[in-house]
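Working notes, structure below.
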There are 2 protein chains.
Amino acid sequence: MVSPNTATPATVRQVNRAILLNLIRTHQPVSRIQLSGLTGIYRSNVSFIVEELIREGLVREQRGKPLGRGRVPMFLSLDPDGFRVVGVSIRACETVLALADLTGRILESRAFRTPKSPATWVDHFRSSLDRFRAASGPATGAFHQICISVPGMVNQASGEILWMNALPNYSGYRLRDVVESSTGIATTVANDCHLATTCERWLDNTAGDLKNFVFLEVGDVGVGAGMIVNGELCTGHNSTFAAEFGHMVVDPSGPRCNCGRQGCWELFVCDRATYGVYDPAREFSPSRFEELIRLARAGDRKALRAFQRTAAHLSLGISNIVMVLNPEVVILAGRLTEVWDMIYPPLANAVSMLPGKPQIRPARMSAEELFLHGAIRHALSGLFAAPQLG
Amino acid sequence: MVSPNTATPATVRQVNRAILLNLIRTHQPVSRIQLSGLTGIYRSNVSFIVEELIREGLVREQRGKPLGRGRVPMFLSLDPDGFRVVGVSIRACETVLALADLTGRILESRAFRTPKSPATWVDHFRSSLDRFRAASGPATGAFHQICISVPGMVNQASGEILWMNALPNYSGYRLRDVVESSTGIATTVANDCHLATTCERWLDNTAGDLKNFVFLEVGDVGVGAGMIVNGELCTGHNSTFAAEFGHMVVDPSGPRCNCGRQGCWELFVCDRATYGVYDPAREFSPSRFEELIRLARAGDRKALRAFQRTAAHLSLGISNIVMVLNPEVVILAGRLTEVWDMIYPPLANAVSMLPGKPQIRPARMSAEELFLHGAIRHALSGLFAAPQLG
DNA sequence: CGAGTTTGTCCTGAGTCAATACAAAAGTGT
DNA sequence: ACACTTTTGTATTGACTCAGGACAAACTCG
């Protein structure tokens with residue numbers, strides 16, 4: 001029996017503080033009285049908590065404009081300079097890192113070629129970090145959190161890379177511990193698509209929080225995914241992996257997948273598969289796929305048929321996902337979304353016949369941007385998260 | 001934006017009270033000092049909270065036995081008489097209801113033939129309830145909560161039956177509201193397999209709480225399921241349905257399912273499918289399936305092959321589930337589990353090749369028992385649940 | 001029978017929030 | 001110009017929570 005998370009009076013403050021900070025983020029500029037109305041927390045107490053946030057430099061006051069009569073409210077907004085985080089996205093070829101402020105805006109970014117060895121990677125990372133520090137003044141030179149996006153299987157609790165197809169030498173590397181001890185900055189490591197999922201959730205502040213949704217990234221040779229269930233990212237047992245929809249078998253007599261099984265969904269919907277329908281003879285490459293998109297847009301029938309086939313296979317898998325999770329939204333990312341008007345109608349049609357009818361929409365950014373911004377958001381998330389109790 | 005759940009000092013008490021009540025349930029008989037050690041809550045405060053629980057009649061004291069030297073501790077356990085709930089399981093043919101105490105033990109049960117009309121059902125239910133009331137004395141005649149298990153799609157938030165295949169007249173019936181207003185007792189309505197899932201979780205008090213697992217019920221003509229993700233039951237968008245693994249398409253060229261799609265998993269693994277492999281000519285019936293089990297046990301090669309085929313199809317679907325959810329455990333229920341020694345080895349073998357390696361085990365009760373006990377547990381769950389914050 | 005040990009209770013202090021009273025800052029009307 | 005109203009924010013009080021220390025109770029052991 002793991003000891004449960006008990007509550008103390010201090011916990012109350014942490015919870016309400018997180019709630020207020022989140023509302024300031026989503027509603028800024030916002031007055032104390034508005035916050036009181038949104039939460040039900042009494043005016044006086046809102047002031048008390050906000051005072052703490054201002055003292056810590058996370059929130060700043062700004063004189064508001066008169067709204068009718070009465071005292072003019074003070075507007076509160078996040079103080080961008082209150083917190084500095086570093087988001088990192090490791091890709092097969094390139095590693096990108098970005099310095100960001102409390103609002104998630106990128107202040108500076110750098111990139112380097114991802115080396116074969118993880119130890120070399122850490123060296124490159126450290127020197128990039130030093131250049132950030134040199135560029136930003138000494139006052140703002142403190143980085144409070146690092147989050148690294150990894151295109152592979154990660155134990156999110158221990159920060160160990162379990163398995164990485166594109167960079168085999170990284171498998172088994174305890175990236176979190178190494179980075180943390182060599183930089184002295186708190187660090188987390190997570191799967192790229194899981195981070196993209198949390199990023200999409202963060203970006204969606206329209207109709208309250210999304211509590212159940214799925215993110216799918218259709219890539220060159222596979223499908224990455226993440227899912228939010230009951231408002232929380234699903235990371236599976238021991239937070240190692242989850243939502244590997246790409247390796248859901250949809251045709252047991254299908255082609256063999258490098259995961260060892262036959263007929264995995266990703267073999268039917270990845271960009272290579274789409275290209276293979278168009279021209280089985282020529283080998284797939286990203287640039288040829290871009291060409292295929294142009295052809296389809298120009299009305300080439302063979303190209304159109306290739307995307308129709310992929311859309312049909314996408315429909316099948318998404319239907320499975322809907323039956324399993326009943327999400328509010330299914331978000332799609334990848335080059336495929338560049339031909340949204342061709343793939344969306346069959347998807348919408350397939351989903352309309354199911355008991356759950358999720359919205360299907362393209363991601364708000366490209367997959368690469370989502371990975372990096374997801375890492376930034378995740379690095380910031382500790383400030384905005386309420387403690388887990390029970 | 002829905003107003004978030006803020007915390008107050010009273011919330012702290014609710015959280016800690018729920019934690020202690022849960023620990024008393026799982027560790028009874030248990031002393032205050034042990035509870036303090038398990039939770040980190042100070043002795044004095046444990047006493048304070050326990051005093052409240054005793055005053056409400058939920059917990060009782062009992063002199064413990066000397067354990068070495070020192071003052072003899074007072075042992076605490078749940079007071080069975082402190083709370084009365086009614087669990088109800090609606091099945092296609094029969095409705096079972098049970099009066100249970102705080103520990104979930106069944107005190108009395110009744111059954112009646114499920115009528116075609118939901119209004120008639122409510123009449124029958126009310127008279128059964130009255131007989132419970134007559135049987136138990138006037139002192140213990142207060143029933144605090146009702147939970148109804150339904151073999152169909154239910155909006156768990158509104159208590160409306162959305163769709164019920166076996167009893168079509170019930171579809172669209174607002175069962176929760178009708179029962180609540182006609183009995184005056186707080187009522188919840190939920191899907192049968194979801195309740196079975198929470199029941200299995202409740203029964204598993206061995207190694208702390210299970211945080212990620214899947215429950216599968218292989219039935220006559222379909223597969224029901226439920227899943228716990230991050231320690232919470234997944235009920236999908238608007239808490240209508242989720243975990244319909246049975247309708248995951250695993251072979252797009254397979255037979256047509258009554259859900260409208262082709263090659264749903266349940267068509268390959270339900271008891272009828274197993275029987276169909278054995279004897280495609282004769283129609284399936286539960287008694288013939290029992291006969292098939294006897295034949296397989298006796299070593300009949302054709303019967304054995306039928307179960308092997310089903311085990312292979314089970315492996316495929318369970319592998320998909322593992323890739324999607326990475327659960328700690330997959331729990332199987334249904335008649336199929338009577339031939340566990342035949343179906344388990346291929347399942348274990350299939351799962352051993354995946355990145356996540358969940359335990360696979362049979363359910364601790366029969367499916368029917370799980371539905372009823374699940375309803376009882378769910379009716380009790382309000383007492384043991386901590387408030388949701390954030 | 002006293003020393004030592006363990007369990008549980010009582011009381012104080014620090015922290016939290018709600019609610020009230022009050023101050024501050026604007027518009028409105030004469 | 002000046003009192004009045006309205007709205008926003010602040011200070012204070014009281015009720016509730018928990019942690020921690022002092023103390024009482026109940027037992028074993030020598």
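What you see is a predicted model, and the numbers here were worked out from it, not measured in a lab. These values consider heavy atoms only, across backbone and side chains, with no hydrogens, waters or symmetry-generated copies. Below, read A as the first sequence line, B as the second, and so on, with proteins coming before strands; counting in each chain starts at 1.
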Any donor-acceptor N/O pair under 3.5 Å between C/dG8 base and B/Ser44 side chain: no
Taking N and O atoms by type only, does the side chain of B/Arg71 place a donor or acceptor under 3.5 Å from a partner on the base of C/dT6? no
How many Å lie between CZ on A/Arg63 and P on C/dA24, as a whole number? 16 Å
With respect to the phosphate group of D/dG9, does any side-chain polar atom (N or O) of A/Ser47 fall under 4.0 Å of OP1 or OP2? no
Please give, in whole Å, the distance from C/dT9 P to B/Glu51 CD? 8 Å
Tell me the interatomic distance from B/Tyr42, atom OH, to C/dT9, atom P, rounded to whole angstroms. 15 Å
Quick check for you: among C/dA18, D/dT8, D/dC18, whose closest atom lies nearest to any side-chain atom of A/Pro73? D/dT8
Looking at the side chain of A/Arg32, which of C/dG8, D/dT10, C/dC17 is the nearest nucleotide? D/dT10
Rounded to whole Å, CG of A/Asn45 lies from P of C/dC17 at a distance of 4 Å
Decide side-chain contact (heavy atoms from CB on, under 4.5 Å) for A/Glu108 and A/Leu99; before the verdict, give the C-alpha distance in whole Å, the side-chain angles of both, and the deciding distance to 0.1 Å. CA-CA 5 Å; A/Glu108 284 182 63; A/Leu99 178 65; 4.2 Å; yes
Considering every strand and a 4.0 Å limit on heavy-atom distances, what is the contact class for B/Ile49: base, sugar-phosphate, or nothing? sugar-phosphate
5'-most contact on DNA chain D: A/Thr6 or A/Gly70, nearest heavy atom basis? A/Gly70
Rounded to whole Å, the CD1-C1' distance (A/Ile19 to C/dT16) equals 14 Å
Just by modelled atom types, is the A/Arg105 backbone N or O under 3.5 Å from a matching donor or acceptor in the A/Asp101 side chain? yes
Is there a side-chain contact between B/Ser31 and the phosphate of C/dT7, meaning an N or O under 4.0 Å from OP1 or OP2? no
Protein-nucleotide distance (A/Phe48, atom CZ; C/dC17, atom P), rounded to Å: 7 Å
Could you walk me through whether B/Thr8 and B/Thr11 pass side chain to side chain donor-acceptor pair (under 3.5 Å), step by step? CA-CA 5 Å; B/Thr8 68; B/Thr11 319; 3.2 Å; yes
Any chance you could measure B/Leu195, atom CG, to B/His373, atom NE2, to the nearest 0.5 Å? 13.0 Å
Any residue in residues 7-17 of chain A with a heavy atom nearer than 4.0 angstrom to DNA chain C? Just list them by number, or reply none. A/Pro9, A/Val12, A/Arg13, A/Asn16
Starting at CG of A/Leu20 and ending at P of D/dG9, how long is that distance when rounded to a whole Å? 13 Å
Checking D/dT8, C/dA19, D/dC27 against the side chain of A/Ile33 (C-beta onward), the nearest is D/dT8
For B/Ile41 and D/dG20, give me the distance from atom CD1 to atom P, rounded to whole Å. 12 Å
Scan the side chains in residues 16-24 of chain B for donor-acceptor partners under 3.5 Å anywhere in the protein, sequence neighbours excluded, and list what turns up.
{"residue": "B/Asn16", "atom": "OD1", "partner": "A/Ala7", "partner atom": "N", "Å": "2.8"}
{"residue": "B/Asn16", "atom": "ND2", "partner": "A/Ala7", "partner atom": "O", "Å": "2.8"}
{"residue": "B/Arg17", "atom": "NH1", "partner": "B/Glu52", "partner atom": "OE2", "Å": "2.8"}
{"residue": "B/Arg17", "atom": "NH1", "partner": "B/Glu56", "partner atom": "OE1", "Å": "3.3"}
{"residue": "B/Arg17", "atom": "NH1", "partner": "B/Glu56", "partner atom": "OE2", "Å": "2.9"}
{"residue": "B/Arg17", "atom": "NH2", "partner": "B/Glu56", "partner atom": "OE1", "Å": "3.0"}
{"residue": "B/Asn22", "atom": "ND2", "partner": "B/Ala18", "partner atom": "O", "Å": "3.1"}
{"residue": "B/Asn22", "atom": "ND2", "partner": "B/Phe384", "partner atom": "O", "Å": "2.6"}

Check the side chains of B/Thr197 and B/Glu200 for a donor-acceptor pair under 3.5 angstrom, ignoring hydrogens and angles. no
side-chain contact (heavy atoms from CB on, under 4.5 Å) evaluation trace for A/Arg13 with A/Ile49: CA-CA 8 Å; A/Arg13 167 58 62 98; A/Ile49 296 172; 3.6 Å; yes
For B/Arg201 and B/Gly231, indicate whether the former's side chain and the latter's backbone hold a donor-acceptor pair under 3.5 Å. yes
Does a distance-only test, which skips hydrogens and angles, find a donor-acceptor pair under 3.5 Å between the side chain of B/Arg43 and the base of C/dG8? yes
